[in-house]
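Heads up, the thing below is written out as structure tokens.
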Amino acid sequence: MTSEGFKWTDLSTGDPSPLRDFYAEVVGWSVEYVDMGGYSDYVMKDEHGAVAGICHARGINEGLPPVWLPYFRVQDLQHSLSACKNRGGRVTLNPTPCGKGMRYGVIQDPCGAYAALIEESDKP
């Protein structure tokens, strides 16, 4: 089983607007607003396109610490989540759809760091 590589990163916090503005100014990212039904999260873009998300710590993001959450591509999400558990980590979010043909889960490794694993396929 090989990794598919780095995919994305998110930052979830109670008040993402100041961070949106911070990273727009400091890194030079532009902002795309994403309607979340009563509030907006933000897709941050560079000259090549979307690179990160800055999100409210609500819904499935509730309870995540306010740190950058990397998303790593994997070939088989279920295998990777099982391997996480077998190697001393824990799954904090079970497989969740996140776009056409994509699903992801969030893990916490044995030292406590969080990461998301994302599978891009047509698997149910």
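This chain uses plain numbering: 1 for the first residue, then up along the sequence. FYI, side chains are in, hydrogens and waters are out, and symmetry mates aren't considered; it's all heavy atoms of this structure.
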Taking all heavy atoms of [X] and all of [Y], pick out the closest pair and write down the distance.
{"X": "Gln108", "Y": "Cys84", "result": "O-SG, 4.2 Å"}
{"X": "Leu117", "Y": "Ser80", "result": "CD1-CB, 3.7 Å"}
{"X": "Pro110", "Y": "Gly89", "result": "CG-N, 4.1 Å"}
{"X": "Gly14", "Y": "Ala57", "result": "N-CB, 4.2 Å"}

Kindly determine whether Tyr71 and Val106 satisfy side chain to side chain contact (heavy atoms under 4.5 Å, CB included), including the steps that lead there.
CA-CA 9 Å; Tyr71 285 66; Val106 177; 5.7 Å; no
Stepwise side chain to side chain contact (heavy atoms under 4.5 Å, CB included) test for Arg90 and Ile107
CA-CA 6 Å; Arg90 69 182 193 102; Ile107 63 168; over 6 Å; no
Among the clusters formed by ILVMFWY side chains lying less than 4.5 Å apart, do Leu69 and Leu93 turn up in the same one?
yes
Hydrophobic cluster membership, with links at side-chain heavy-atom distances under 4.5 Å among I/L/V/M/F/W/Y: are Val26 and Val51 in one?
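Both belong to a single hydrophobic cluster.
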Using only atom types and a distance under 3.5 Å, with no angle test, would you say the side chain of Thr9 pairs donor to acceptor with the backbone of Trp68?
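Checked: no pair found.
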Where the side chain of Thr96 meets the backbone of Asn94, is there a donor-acceptor pair that is under 3.5 Å apart?
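Yes: the side chain of Thr96 pairs with the backbone of Asn94.
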Nearest 0.5 Å, please: how far is NZ in Lys7 from CE in Met102?
5.5 Å
Once you round to the nearest 0.5 Å, how far does CD of Glu119 lie from OH of Tyr104?
14.0 Å
Side chain to side chain, [X] and [Y], heavy atoms closer than 4.5 Å:
{"X": "Val27", "Y": "Phe22", "value": "no"}
{"X": "Gln78", "Y": "Pro95", "value": "yes"}
{"X": "Leu77", "Y": "Ile118", "value": "no"}
{"X": "Met44", "Y": "Val31", "value": "yes"}

What residues, two or more places apart in sequence or in another chain, satisfy side-chain contact (heavy atoms from CB on, under 4.5 Å) together with [X]?
{"X": "Pro65", "value": "Val67, Tyr114"}
{"X": "Tyr39", "value": "Met36, Asp41, His56, Arg58"}
{"X": "Asn61", "value": "Ser12, Cys55, Leu64"}
{"X": "Ser17", "value": "Asp15, Arg20, Tyr42"}

Run the side chain to side chain donor-acceptor pair (under 3.5 Å) test against Trp8 and tell me which residues pass, sequence neighbours left out.
Asp10
Glu120 and Arg103 ion-paired at < 4.0 Å
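Looking at Glu120 and Arg103, the cut-off is not met.
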Could you please spell out the steps behind the side chain to side chain contact (heavy atoms under 4.5 Å, CB included) verdict for Val43 and Tyr33?
CA-CA 6 Å; Val43 171; Tyr33 293 76; over 6 Å; no
Contacts of Lys85 that satisfy salt bridge (Lys or Arg N to Asp or Glu O under 4.0 Å) - sequence neighbours left out:
none
